[in-house]
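Notes follow the structure.
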Amino acid sequence: EDIKPYIDRIANGETSSILLAYRIIQLLLSTGTSGGQPKLIPMTAESFEKRMSDLLLSDLVTRKCFSGSDEGKSLYLYFIKPEMETPSGLKASFFTTFYFKTESFKNGLAKFCTSTIDTILCLDNKQSMFCQLLTGLLQRDEVVRFGSTFASVLARTIKFLEDYWRELCCNIRTGYLSDWIIDPGCKNAMSLILTRPNRELADSIQQICEDKSWEGIIVKLWPKIKYIHCIITGSMSQYVSLLEFYGGGIPLVSPIYNSSESSFGINLKPLSKPFDVSYTFLPNTAYFEFLPVGKDGEGKAQETWTDDEPVDLANVKLGRYYEVVVTTLAGLYRYTVGDVLKVTGFYNKSPQFQFVERRNVVLSIDVDKTTEEDLSKAIMKAKLILEPLGIMLTTYSSYADTSLTPGRYVLFWELKMKCSNDLPKLDAKIMEQCCCIVEESFDFTYKSHRKGGAISALELRVVKHGTFDELMDFYVSKGVSVAQYKPPSCLKSEEAVKILNSGMVGKFFSPKTMF
């Protein structure tokens, strides 16, 4: 908020020198799904080049761990949103949209992708997804890497494949592109790739997709894949079990830690288990400081200790928790990003951090504040009792329902059977047990308020398969990029809650009295 008036003045035509010494080449949009409205973040040529060098370094580290990964192609699902022009003439866009239009991308990473530039730059996400999957299937024997920016995009890709594999097979079998693909760039690109009927390939794909269980479907369709490449930390961690199931056990690589504001660090151990991933900070990316964050006995983040001075990169302590503060060449000065990190080690003298939670993502009723980390840990425990029953939790969200007194926390879960997309038969006792496990995992403050009647019993609402895709469509319609969509673990929007409620197929509660 301190910097926003200056950025707004620049966007409205004033010189960038009121904030920084360098010329601004683009205004970046933050995703807006965790903190409300998207923010405008300045980007200069030098800050862009630093991001590119970080991406290149991360890619080199990853490829070093997988022999032969240089010899094939990448099936990376990428998407863009329209740019907006500000009164100053500067364009505002998501970073991915800007990057995919640059010569750096076209002459670099794009050369190793199955998707053509035209299919990536298509503004219709449905047409883009269809064509990118089609090109990936046509080149299935060359694909050695599968990925996207975030795990949420891959979850959506799998759902799209479930809905459209028959039509994709039909295109391959006949050699003709579906009539509803009308984007000129997509049509032109596909005319150069889909050049003849291929009944044998279509039959092979059909046989794989007709299997009742889609466990390992990624490696079955693309048998030479060595790893899945996407960010799986933070709010993306809820997709880990889903990608492990569909990936058939191939490694999940979470390559880099960055945001609209800055790059921060890279994963120097790409083969780390998803929940053990740490990022090594790159000291030349920006100037980093860290505000110490207290943790109570149950590991819950308290308020930042305001009487402590921030420490610099060289003076953080192993095992401590910090909120990262960044000063960049693009005009951000001592800017609190809102991410809470834990120091897990050092590479030479550069610290390595594990992402813990977003500071501003909380469920709150009365004086209780349940953080994103608290919620994630509780749900991960609860879902364990569903796994022996062959039931998968594919994604979740939550909100604090204060329409009644006392208020309660409400969870939304999307469930499916491992062996099919059918909705599981929901046993009331099992689902109530899930509610109890979640509540028992919360901290002392929550339990004491629950026991004293200040918070009502937790409610669990199960939604049908595809409901969270509708939620994603809602945020995309509001301007969020598919490529940068982060599923909100704690909902603030009444419209978003209505969308999830519309897909509800069952609701369950903890016992009225607990603890």
Closest non-hydrogen atoms of Q127 and D183, given as atom of the first, atom of the second and distance, are OE1-N, 2.9 Å

Determine, using ring centers only, whether F353 and Y279 are less than 6.0 Å apart. no

For K91, check side chain to side chain contact (heavy atoms under 4.5 Å, CB included) against everything at least two apart and list the hits. Q26, E83, E85

Is the distance between the ring centroids of F130 and W180 less than 6.0 Å? yes

Q354 meets the side chain to side chain contact (heavy atoms under 4.5 Å, CB included) criterion, sequence neighbours left out, with S278, T344

Salt bridge check: are E373 and K377 linked by an N-O gap of less than 4.0 Å? yes

What donor-acceptor contacts under 3.5 angstrom involve side-chain atoms of residues 217-225, with partners at least two apart or in another chain?
from: K220; atom 1: NZ; to: E215; atom 2: O; distance (Å): 3.2
from: W222; atom 1: NE1; to: G136; atom 2: O; distance (Å): 3.0
from: K224; atom 1: NZ; to: D141; atom 2: O; distance (Å): 3.1

Taking ring-ring contact (aromatic ring centres under 6.0 Å, His included) as the cut-off, I'd like each qualifying pair that reaches into residues 44-72, sequence neighbours left out, listed once. F48-F98, F66-Y227

Does K187 pair with D179 as a salt bridge, N-O distance under 4.0 Å? no

Scanning both residues in full, the closest heavy-atom pair of Q352 with F346 reads OE1-N, 3.4 Å

Show the nearest heavy-atom pair for residues M236 and P487, with the distance to one decimal. CE-CD, 3.4 Å

Ignoring hydrogens and geometry beyond distance, is a side-chain donor-acceptor pair present between D339 and Y257 at under 3.5 Å? yes

Testing the basics here: between S235 and E372, what is the closest heavy-atom pair and its distance to 0.1 Å? CB-OE2, 3.5 Å

In residues 6-13, what donor-acceptor pairs under 3.5 Å come from side-chain atoms, sequence neighbours left out?
from: D8; atom 1: OD2; to: K4; atom 2: NZ; distance (Å): 2.8
from: R9; atom 1: NE; to: E14; atom 2: OE1; distance (Å): 3.3
from: R9; atom 1: NE; to: E14; atom 2: OE2; distance (Å): 3.0
from: R9; atom 1: NH2; to: E14; atom 2: OE1; distance (Å): 3.0
from: N12; atom 1: ND2; to: D8; atom 2: O; distance (Å): 2.9

To the nearest 0.5 Å, what is the distance between NZ on K383 and CD on Q238? 10.0 Å

Tell me, with the steps shown, if L243 and I158 meet side-chain contact (heavy atoms from CB on, under 4.5 Å). CA-CA 9 Å; L243 292 180; I158 293 165; 4.2 Å; yes

From CA spacing to verdict: ring-ring contact (aromatic ring centres under 6.0 Å, His included), Y76, H229: CA-CA 8 Å; Y76 285 165; H229 187 271; 5.5 Å; yes

Is it true that S493 and E495 share a donor-acceptor pair across their side chains at a distance under 3.5 Å? no

How close do I228 and G247 get, heavy atom to heavy atom, and via which atoms? CD1-CA, 4.0 Å

S397 and C490 have their tightest heavy-atom pair at OG-N, 4.2 Å

We want to know whether T114 and E142 form a side-chain donor-acceptor pair, criterion being a heavy-atom distance below 3.5 angstrom. no

Are the aromatic rings of F281 and F288 close, with centres under 6.0 Å apart? yes

Of all residues at least two apart in sequence or in a different chain, which pass the salt bridge (Lys or Arg N to Asp or Glu O under 4.0 Å) check with K159? D163

Cation-pi geometry met for R63 and F112 (6.0 Å, 45°): yes

